[in-house]
Amino acid sequence: MTTFIQGLPKVELHLHIEGTLEPELMFELAKRNQISIPFSSPEEVQAAYQFDNLQSFLDIYYQGANVLIDEQDFYDLTWAYLLRCKQDNVVHTEIFFDPQTHTARGIAFETVINGIDRAMQDGKQQLGISSQIIMCFLRHLDQESAFETLGQAIAFKDKIIGVGLDSSEQGHPPEKFKEVFEAAINEGFLTVAHAGEEGPAENIHNAMKLLGVARVDHGVRCVEDPALVEQLIEERMPLTVCPLSNTKLKVFENMEDHNVIELLRKGLCITINSDDPAYFGGYMTDNFMAVASAIDVTEQELAQLSLNAIEASFISESEKGRLRGLVKQYCL
Ligand code: ADE
Ligand code: ZN
């Protein structure tokens with residue numbers, strides 16, 4: 001099974017680039033930029049990654065991002081992630097970034113996007129990995145700040161395929177961002193949103209109804225509303241599920257309890273993703289492995305997860321056809 005998973009061509013649809021900051025790179029960048037961090041070694045950083053819930057993770061995650069200053073830092077971060085993609089046979093990835101985490105510290109929007117984009121271009125040329133960028137609004141901030149961020153993104157429209165919504169779900173429901181998502185759609189952006197991770201099934205329903213999402217990020221709490229599950233099946237609404245994230249943040253106590261395979265078998269368009277791999281203990285192959293080790297699953301079902309991700313991706317139909325061909329050929 002390990003060999004099958006490792007070699008399976010994969011597509012990642014739920015990955016926060018700030019969440020790929022490995023402790024070693026955090027230290028290197030802290031030194032390069034003379035930023036003080038409250039840890040004395042990469043091992044100490046790793047040891048601090050014990051979380052009780054989403055908020056306890058977010059607090060440490062936003063602090064980690066403080067070491068990212070120059071365009072080259074964002075390039076190095078993204079390039080390191082793309083090298084991991086190569087190892088894991090990830091052939092296409094759609095990368096989230098949180099502009100407000102950086103602009104609030106005085107880093108220019110263009111510094112961030114240009115660094116990420118340049119690494120993505122090199123990823124295509126040197127590694128053969130295609131990628132796209134989705135910018136997320138931080139839901140703990142107000143809608144006005146999201147509007148300001150949307151305004152900054154217009155000049156970089158050619159580099160950004162969609163907008164998303166992340167950060168603290170509890171107390172910050174989708175309806176808080178209805179108007180800014182409407183404006184983003186009018187500007188031609190596709191939309192996605194984190195919903196039903198820690199928040200109720202109602203957030204999934206409202207993300208679809210009010211934010212016009214093409215995918216739901218996480219969405220695992222949909223099971224609390226059987227009518228919603230039926231709707232997700234009927235509409236083939238993709239869920240970007242992140243198994244190691246969910247157990248690390250205690251959405252599920254154990255991987256054996258995770259509903260990812262149960263939802264796949266019900267006929268939902270389920271995909272597997274890594275979310276914040278540097279913080280949650282693993283990239284794409286690790287996430288597939290964690291599921292396959294805890295839950296009985298066939299190779300055909302694992303391949304279906306890859307085919308679902310291709311279907312749910314924001315690439316052209318011809319490119320989807322090419323990637324499906326890679327998966328089908330691999331499974332022969
Ligand atoms: N930002 C980074 N990872 C996240 C997650 N799992 N949920 C919400 N916001 C996030
Ligand atoms: Zn996420």
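Both counts, for ligands and for their atoms, begin at 1 and track the order of listing.
If you take CD on Gln34 and CG on Leu29, they are separated by 13.0 Å, rounding to the nearest 0.5 Å.
Closest to atom 1 (N) of ligand 1 among all protein heavy atoms lies His16 CE1, 3.6 Å. Atom 3 (N) of ligand 1 has its closest protein heavy atom at Asp276 OD2, 2.6 Å. For atom 7 (N) of ligand 1, the closest non-hydrogen atom on the protein side is Glu197 OE1, 2.8 Å. From the protein, the heavy atom lying nearest to atom 6 (N) of ligand 1 is Asp275 OD2, 2.7 Å.
Within the 4.0 Å heavy-atom cutoff, Ser167 counts among the residues contacting ligand 1. Taking 4.0 Å as the cut-off, Tyr61 counts as a neighbour of ligand 1 on heavy-atom distance. Under a 4.0 Å heavy-atom criterion, Glu18 is not in contact with ligand 1.
The nearest N, O or S atom of His14 is closer to the Zn ion (ligand 2) than 2.8 Å.
Less than 6.0 angstrom separates the ring centroid of Phe4 from the ring centroid of Tyr330. For an aromatic pair to be called close, the ring centres must be under 6.0 Å apart, and Phe57 with Tyr61 satisfies this.
Using cut-offs of 30° and 60° for the angle between ring planes, the His16 and His194 rings count as tilted.
Rounding to the nearest 10°, we obtain 90° for the angle at the Zn ion (ligand 2) between His16 NE2 and Asp275 OD1.
Inspection of the Arg118 and Gln72 side chains reveals an N or O donor paired with an N or O acceptor under 3.5 Å. Between the side chains of Asn114 and Tyr75, no donor N or O sits under 3.5 Å from an acceptor N or O.
The cationic atom of Arg215 (NZ for Lys, CZ for Arg) lies less than 6.0 Å from the six-membered ring centre of Phe314 and within 45° of the ring axis.
At a 4.0 Å heavy-atom cut-off, ligand 1 touches Leu54 through the side chain alone.
Distances below 4.0 Å separate heavy atoms of Asp166 from the following atoms of ligand 1: 1 (N), 9 (N). Close approach of ligand 1 to Phe57 (heavy-atom distance below 4.0 Å) involves ligand atoms 2 (C), 3 (N).
In this structure, Glu169 contributes its side chain and Glu198 its backbone to a donor-acceptor pair below 3.5 Å.
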